[in-house]
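Letters A, B, ... mirror the listed sequences (proteins, then strands); counts begin at 1.
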Amino acid sequence: MDRAGVRPPAPPVPALDADGNPVAGAPAIVRVALDTPLPTLFDYLIAQAVVPGQLVQVPFGRRQVVGIAWELTQRSEIDPAKLRPVTAVWHELPPLNDEWRRLMAFAARYYQRGIGEVALPSIPGHLRTPLRWPRLLAQRGVQRYRLADGAAIALQDGVPARLRAQRRLADGLIDAGTLDADEARALCAKAPDVLKQWAAAGWVTIETVAVHEPLTGHAGPISGEAPAGDDWTEDVPAHAGSATQDALAPDAGRRTLTTGQADAVAAIRDALAERGGTAPFTPFLLHGVTGSGKTEVYLRAVAGALTEPDAQVLILVPEINLTPQLEGVFRSRFPNEALVTLHSGLAEGERARHWLAAHRGQARIVLGTRLAVLASLPHLRLIVVDEEHDPSYKQQEGLRYSARDLAVWRTSQLEAPVVLGSATPSLDSWRRTEQGRYVRLAMPERASPDAVLPRVGLIDLENERKRQRAVHEGLSQPLLAAMRDRLARGEQSLLFLNRRGYAPVLSCDACGWISDCRRCSAHMVLHKPERRLRCHHCGAESRIPHACPDCGNTDLAPLGRGTQRIEEALSEHFPEARLSRIDADSTRRKGSAQALFQQVHAGEVDILIGTQMVAKGHDFRNVTLVGVVNPDAALFSHDFRAAERLFAQLMQVAGRAGRAARADGPGDVLIQTRYASHPLFAALMRHDYEGFARQQLEERQQALLPPFTHQALLRAEARQLAQAMEFLKTARALAATPELADERISLWDPVPMSMVRIAGTERAQLVVESPSRGALQSFLTHWIAELRALRAPVRWHLEVDPLEI
DNA sequence: AGCACGCCGACT
DNA sequence: GTCGGCGTGCTC
Ligand SMILES: [Zn+2]
Ligand SMILES: [Zn+2]
C-alpha cells in the first residue's frame, strides 16, 4: 500500500538537461491544483524538479499563488505562448501522497467542485504562504513562547503602537497563540529580551521544546489531570463527556468488558488484522445505548491499530470544545503515543504544526472535528466517528462535505476499518446496516449496572390547560414541582430549550408592529441582559425601542420564550436557587463554556438552563431531572429530517439524567408537549431507537425520501427573489433538454427558501433527486457545466446530500 | 474568487 | 481635468 510518507522523496524528474534543454520523453508540464472556482488544473512549465503532491508557488494572472503539483504530462492543450514556469517548489516537504490526492479528487467529483477548491483549503494557511516555508519544518529543541490564558487583551493594550517591532511580535503571538524562538526573532530582533519581560509580567510562558515535543507528554489543557497507568480510570474527573463517561463508569475500572463490548472489540480487531486479506471491506456501526461503554471500544480498537508500527488512527468528534475530556482520556490511555488535535479553534501556527505532525507520520493519534478527515495521514489504519449522527459532521458553507461519509470512503479505499458510533444512528447509516453494507455492532447492555436509564415522562400541556392548572412562563406545575423536589434534595435540574435570547419577537399590541429585521425575513430576537434586539441570521443589532416605532405605544410585549426568559422566570419562582444559563450567548468568550460547566460539576449550580450545547458531550453527575421545555415546533416541521434530529437530541439530553442518578432510583426526564400522543414520544419513553427508526424508515420509503433516494440542491441568491427564481427555472429547463434529460432524474419546482431573505439577499432552491447515485452524479456534472456557461447574474451553488431542505 | 481594464458621473 | 462606481473578462 501507499507509504509515500516514509518513502524517500521520489527522484527528481530530469525535465531539463545540463544545458537547460528539455530532455526527450521527460514530462515537461506539471498540472497544478489551485484554489479557484474554475474546475480545472492549470498547466505550468517545469523549470525545476517537481513530483506530484509537492506544494509549488506559481504565477496566476497578476499574482503569485500556492498550488499542489497534481500530475506530470508531456504536452499541454494550452497555447504554448501562455504557459509560464513554476516559480518555486517546496522540496523539503514530503509530497502529499496518492491516497490523499485520491481522497481530494473523490471529494471534488462527489461534491461537484474543482480539485483545487477542495484540496487547497484542506491545507493550513501557513503552508500556503511561501514566506513561512523555510521556518515550518525546522522544529528542533527551540524555545517556545505561549500566550498566557487571558493575556491577549493585556498584551494588546500593554504594547504601544510606536514600538513597531514589539507591536508586530505581540500581534504575531496573539494571532498564533504560540511562537517559536525563530519565528519570534523574525518579527522582532530583540524578541528574546522582550519576551522575557512579558513572561515576568505573566503574559507569556516560556517552554523549551524538543523535536517531537508537541506530540507527546505535553500538557494540553487537560492532560495531567489524569494519571497515566493501568488504573487510569480511577482518577479521571467524573464530569466527562458522554462517550467519555461510558469509559469512566465505575466498573470500567475493573477493565472487564460487557459481552457487547467484547464482541465489538473482537470484530474491529479482526478487521484490522484482515487488512489486505480477502474479506470485503465493511464499515462498523457501533450502536451503543447511553452508558454502554462506546469509548472503551474506541480505546481498544485504537490500541489494536497502534500495535502496527507507524500506524495512525483518526478519531472524529462533533465539536471538540464540548468534549474536551475525550482528549484527556486518549492522552492518559496512550501516554507514550503522539497525539495531536485538529479543529477550527486552533491558532494558525498550532494548526500548521499539528497538521504537519500528521502529514509526516509523527502523530499517531489525530483527534479532531470534521476538517480532520481531510488531513494527510500517510499511515492511516483506523477511523472512529463518534456520534456519527451529529449534524455538525456536515459542513454548512463552502465545500459542503460530510466528514462521516468521506471517512467511510477513505477507509474503503484503504481497506481499513471505520467505526461509526452512536446511541441514535443516522437513519442513513441504520438503513445501510439493514442492507448489509455496514456491520452492526450492538451494545444493548450498560457497562455499569448501577447506571440506569432515566424514566421518561410526558407532561400533557393540553391536559394541564383542561384542568386549569396554570402554566407559569412556559413551565407547567408538574415540572416546577419536580424541580422544587430536586432543590430540596440538593440535586441538580437541567432545563433544555433550543432557543436562545429572551423572546423571539417583540411586538406592539396596539398596532401590530413586530420586531422584523430590515435585511432578513426573520424577527429580531430580544436579548434582555444585553439590552439589544438581535437578528440571529445577519447579526444586525439595535437598541430595544422604548416605544413602538409605528404608533408610539410604550407597552411593547415580548412574545415567546427563550433561555433568558426561562432563567428570569426561575429566578423569581425559586429565588434561593443558584441558576446557570449555558447557550451561545453566555459562552461567547473563549473558555467561558468550560468555566460554566466547571461550576455545574462543582455543585455550585442548582438549575441549569441550556440549548443543545448542554445535550452534547457533558455529563452532569448530580443532575437527576431533565426538563424539556418546548420540543413541539420540531414535530411538525416541513423538514423531513426534523423528527430524526429531535429524537436524537432528546435521547441525548435524556442521557444527561441517566447516569449517577439518585440512590433511590433512576433520574427523570419530563417533556412538556401539547401532542402527548405523538409516536416519537412513545418511542422515546421506551428508549426504543429501533422502533423509531423502523417507523421513520417506513415513512421515508413510502414518500421516497432519503435514504431511499439521493438528493442534491441547487440554491440561487440575488437581490431580487425573481432573479433567483428565473435562474432556477432556466436551470430546470436546461435539465429537460435532450442532451441532459434522464428519466432516472427528477427535479422539483423551484421554490423560495423558507427563510427567503438573509442580509438583503433573497434565496430560492431547486431539489434534484434520483434513486440512482450514479445517474445523479453524472447528471450534475453535465448540468453544472451548462449552468456555469449561462454566466447568470446570480450567485448559486450546488449542495450534494443536503441535510436540510 | 481575485484582479484587472474600462467607460461614465461628481469632486478638487 | 481625475477619482471612483461596479460591469465584463481572464487566469495555465
Ligand atoms: Zn404600535
Ligand atoms: Zn437579519
Side-chain angles (χ1 to χ4, degrees), chain A residues 13 15-16 22 26-90 96 101 104-105 107-109 111-125 127-131 371 374 395-401 714-720 722-724 726-727 730 758-763 784-799:
Chain A
V13 176
L16 306 177
I29 303 290
V30 57
R31 314 200 67 218
V32 177
L34 299 176
D35 187 11
T36 150
L38 304 173
T40 87
L41 298 173
F42 292 83
D43 297 358
Y44 288 87
L45 297 169
I46 294 178
Q48 52 187 309
V50 60
V51 297
Q54 281 183 315
L55 293 193
V56 294
Q57 183 187 356
V58 292
F60 189 61
R62 247 137 287 230
R63 62 213 161 105
Q64 290 284 322
V65 297
V66 168
I68 301 166
W70 210 259
E71 57 197 32
L72 303 176
T73 173
Q74 303 294 340
R75 54 180 59 255
S76 170
E77 305 294 306
I78 302 297
D79 173 6
K82 284 180 151 185
L83 291 177
R84 300 160 78 183
V86 172
T87 308
V89 178
W90 191 7
L96 292 151
R101 298 203 310 279
M104 295 299 125
R109 218 179 325 123
Y111 293 108
Q112 306 290 337
R113 300 297 188 98
I115 284 176
E117 241 183 321
V118 175
L120 282 138
S122 303
I123 292 176
L127 277 76
R128 282 181 279 149
T129 313
L131 279 173
L371 61 84
L374 303 174
Q395 172 100 41
Q396 286 301 341
E397 59 198 32
L399 177 74
R400 298 180 172 230
Y401 62 94
L714 181 63
R715 290 213 176 94
E717 54 185 67
R719 291 301 274 280
Q720 302 293 320
Q723 295 171 286
E726 192 55 41
F727 170 77
T730 311
I758 284 186
T761 61
E762 305 197 322
R763 302 127 16 104
I784 212 169
E786 302 283 332
L787 293 176
R788 245 189 279 268
L790 284 178
R791 314 189 111 265
V794 298
R795 288 167 54 92
W796 58 271
H797 67 93
L798 191 72
E799 178 170 359

Whole angstrom value for the distance that separates [atom2] of [N] from [atom1] of [X]:
{"X": "A:R128", "N": "B:dA1", "atom1": "CZ", "atom2": "C1'", "value": "13 Å"}
{"X": "A:L399", "N": "B:dA1", "atom1": "CG", "atom2": "C1'", "value": "15 Å"}
{"X": "A:L34", "N": "B:dC3", "atom1": "CG", "atom2": "P", "value": "14 Å"}

Heavy atoms only, 4.0 Å cut-off, all strands: where does A:L83 land among base, sugar-phosphate and nothing? sugar-phosphate
Using a 4.0 Å heavy-atom cut-off, does A:I29 contact any base of the nucleic acid, only the sugar-phosphate backbone, or nothing at all? nothing
[X] side chain vs [Y] backbone, donor-acceptor pair below 3.5 Å:
{"X": "A:R101", "Y": "A:E71", "answer": "no"}
{"X": "A:T129", "Y": "A:L131", "answer": "no"}
{"X": "A:R128", "Y": "A:I123", "answer": "yes"}
{"X": "A:Y44", "Y": "A:T87", "answer": "no"}
{"X": "A:R400", "Y": "A:Y111", "answer": "no"}

Return yes when atom CZ of A:R719 has more than 12 non-hydrogen atoms of other residues, nucleotides or ligands closer than 6.0 Å, and no otherwise. no
Does A:V65 form a side-chain contact (heavy atoms from CB on, under 4.5 Å) with A:V58? I'd like the steps, not just the answer. CA-CA 6 Å; A:V65 297; A:V58 292; 3.9 Å; yes
Note: contacts of residues 56-66 of chain A with DNA chain B (heavy atom, under 4.0 Å) are A:R62, A:R63
Evaluate the side-chain proximity of A:L714 to A:F727: yes if any heavy-atom separation is below 4.5 Å, no if none is. yes
At a 4.0 Å cut-off to heavy atoms of chain A, the contacted part of DNA chain C spans C:dT11 to C:dC12
